Every structure is written in C-alpha cells, then in structure tokens.
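Take a look at the structure set out below.
These numbers come from a predicted model, not from an experiment.
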Amino acid sequence: MLVKMFSIAAITVLALAGCQETTSETARDISDAKEDAAQNIAEARQDANQSISNSQRDVNDARQDFNRTDQDARDELTEAEADAMTETAHADFEVAEAEAEGRSDIALERCDALTDEAKDLCVSNAEMTLATEIAIATRDRDTRLMTAGNLR
C-alpha cells in the first residue's frame with residue numbers, strides 16, 4: 001500500500017513539475033482532496049465501528065458463557081478478547097491510515113500552488129509526514145497484535 005502511494009506521489013510530482021496550477025485550480029483540488037479524505041475516513045470509521053461492534057458482541061457472549069461454566073468458558077473468553085483486540089487493532093489502523101492519507105492528499109494539493117524548490121520541499125515534507133504517520137500507526141497496531149497474541 002505504501003509503495004503504491006509513493007509511486008502515485010512520484011508520478012504526480014513528475015507530471016506537475018513543469019506546470020503550476022492557478023489559485024482557483026489549487027483551491028478546487030484542495031476541496032476535492034478534503035472531500036475524498038472525509039469520505040475515506042468516514043468509510044474506514046464505519047468499517048472499524050462494525051468490526052468493533054461485532055468483536056464486543058463476541059466478548060459479551062463469551063462473558064455470559066463464562067458465568068455459566070468453568071475453564072472452557074474462561075478459555076473461550078480469553079480467545080474472544082484476543083480476537084476482539086486483534087480486530088480493534090486492525091480497524092484502528094485502517095482509520096489512522098485513511099486519516100494520514102487524507103491529510104497527505106490535502107498537503108500535496110497545497111504544494112501545487114508553489115514552484116521550484118519550494119514545491120519540491122513541500123512535496124517532500126508531505127511524503128515524509130505520511131510515511132511517519134503510517135509507521136506510527138503500524139507500530140501501534142503491531143504492538144496491540146502482539147499483546148493480543150500473548151493472551152492465547
């Protein structure tokens with residue numbers, strides 16, 4: 001996913017290197033990027049909420065079983081909690097990734113108003129920020145996945 005984004009960013013930078021957008025074109029592109037980012041974030045949040053809701057339902061079902069039985073229910077509860085932690089980690093990562101990509105798209109659109117070295121620096125900063133945010137989201141997700149794996 002990250003390689004694809006960098007490829008798209010590189011192609012965009014190369015394609016736009018020789019031309020500068022007008023202020024109204026840049027504003028329109030920023031507006032479009034904001035709308036796309038908002039839609040992607042909303043979809044990611046909706047998917048995340050559904051995954052979290054399903055996981056919590058599984059945990060609640062397992063807790064009810066736990067109150068009725070012994071060790072088997074404890075094992076089932078632990079497994080359901082680990083599964084819920086895993087689903088939540090993945091869902092939260094998807095939201096964080098969508099948010100980071102949205103912010104990056106907006107930042108890259110703002111770069112179109114610049115020229116030469118200022119534009120190059122702007123694009124580099126936007127790409128670096130995206131890579132950093134994705135790395136942090138990945139670290140957070142992987143830490144939570146490791147914690148969930150330790151429950152099993």
Legend entry - Between CG on residue D29 and CG on residue D36, distance to nearest 0.5 Å: 10.5 Å

Inset, instruction - Measure the shortest side-chain to side-chain distance between I134 and E97 over non-hydrogen atoms and say whether it is less than 4.5 angstrom. - result: yes

Inset, instruction - For R141 and M146, run side-chain contact (heavy atoms from CB on, under 4.5 Å): C-alpha distance rounded to whole Å, both residues' side-chain angles, the deciding distance at 0.1 Å, then the answer. - result: CA-CA 9 Å; R141 178 202 61 203; M146 187 175 64; over 6 Å; no

Inset, instruction - Would you check if the side chain of E109 reaches a backbone N or O of I106 as a donor-acceptor pair within less than 3.5 Å? - result: no

Legend entry - Point-to-point distance, once rounded to the nearest 0.5 Å, from OG of S31 to CD of E35: 4.5 Å

Legend entry - Close side-chain approach of L108 and V123, heavy atoms under 4.5 Å: yes

Inset, instruction - Starting at CD1 of I30, measure out to CG of D105 and round the result to the nearest 0.5 Å. - result: 11.5 Å

Legend entry - Minimum side-chain heavy-atom gap E101-N40 below 4.5 Å: no

Legend entry - Heavy-atom side-chain contact between L145 and D142 under 4.5 Å: yes

Inset, instruction - Measure the spacing between SG of C111 and CG of D120 and express it to the nearest 0.5 Å. - result: 9.5 Å

Inset, instruction - Quick one: pull up CG in D32 and NZ in K34 and give me the separation to the nearest 0.5 Å. - result: 11.5 Å

Legend entry - Pairwise distance OG(S51) to CD(Q56) - rounded to 0.5 angstrom: 11.5 Å

Inset, instruction - Heavy atoms only: give me the nearest A62-L77 pair and the separation to one decimal. - result: CB-CA, 3.8 Å

Legend entry - Distance-minimising heavy-atom pair for S104 and A126: OG-O, 4.0 Å

Inset, instruction - Let me see the working for Q20 and T115 under side chain to side chain donor-acceptor pair (under 3.5 Å), right down to the final yes or no. - result: CA-CA 7 Å; Q20 181 179 2; T115 60; 4.8 Å; no

Please set out all donor-acceptor pairs under 3.5 angstrom arising from side-chain atoms of residues 81-95, sequence neighbours excluded.
from: D83; atom 1: OD1; to: R152; atom 2: NH2; distance (Å): 2.3
from: T86; atom 1: OG1; to: A82; atom 2: O; distance (Å): 2.9
from: T88; atom 1: OG1; to: A84; atom 2: O; distance (Å): 2.8
from: D92; atom 1: OD2; to: R144; atom 2: NH1; distance (Å): 2.9
from: D92; atom 1: OD2; to: R144; atom 2: NH2; distance (Å): 2.9

Legend entry - Flag for R57-N60: side-chain donor and acceptor within less than 3.5 Å: no

Legend entry - Pair K119 + D112: basic N to acidic O under 4.0 Å: yes

Inset, instruction - Using a 4.5 Å cut-off on heavy atoms from C-beta on, say whether the side chain of E21 contacts that of R28. - result: no

Inset, instruction - Could you verify whether a donor N or O on one side chain and an acceptor N or O on the other, from Q46 and Q50, lie under 3.5 Å apart? - result: no

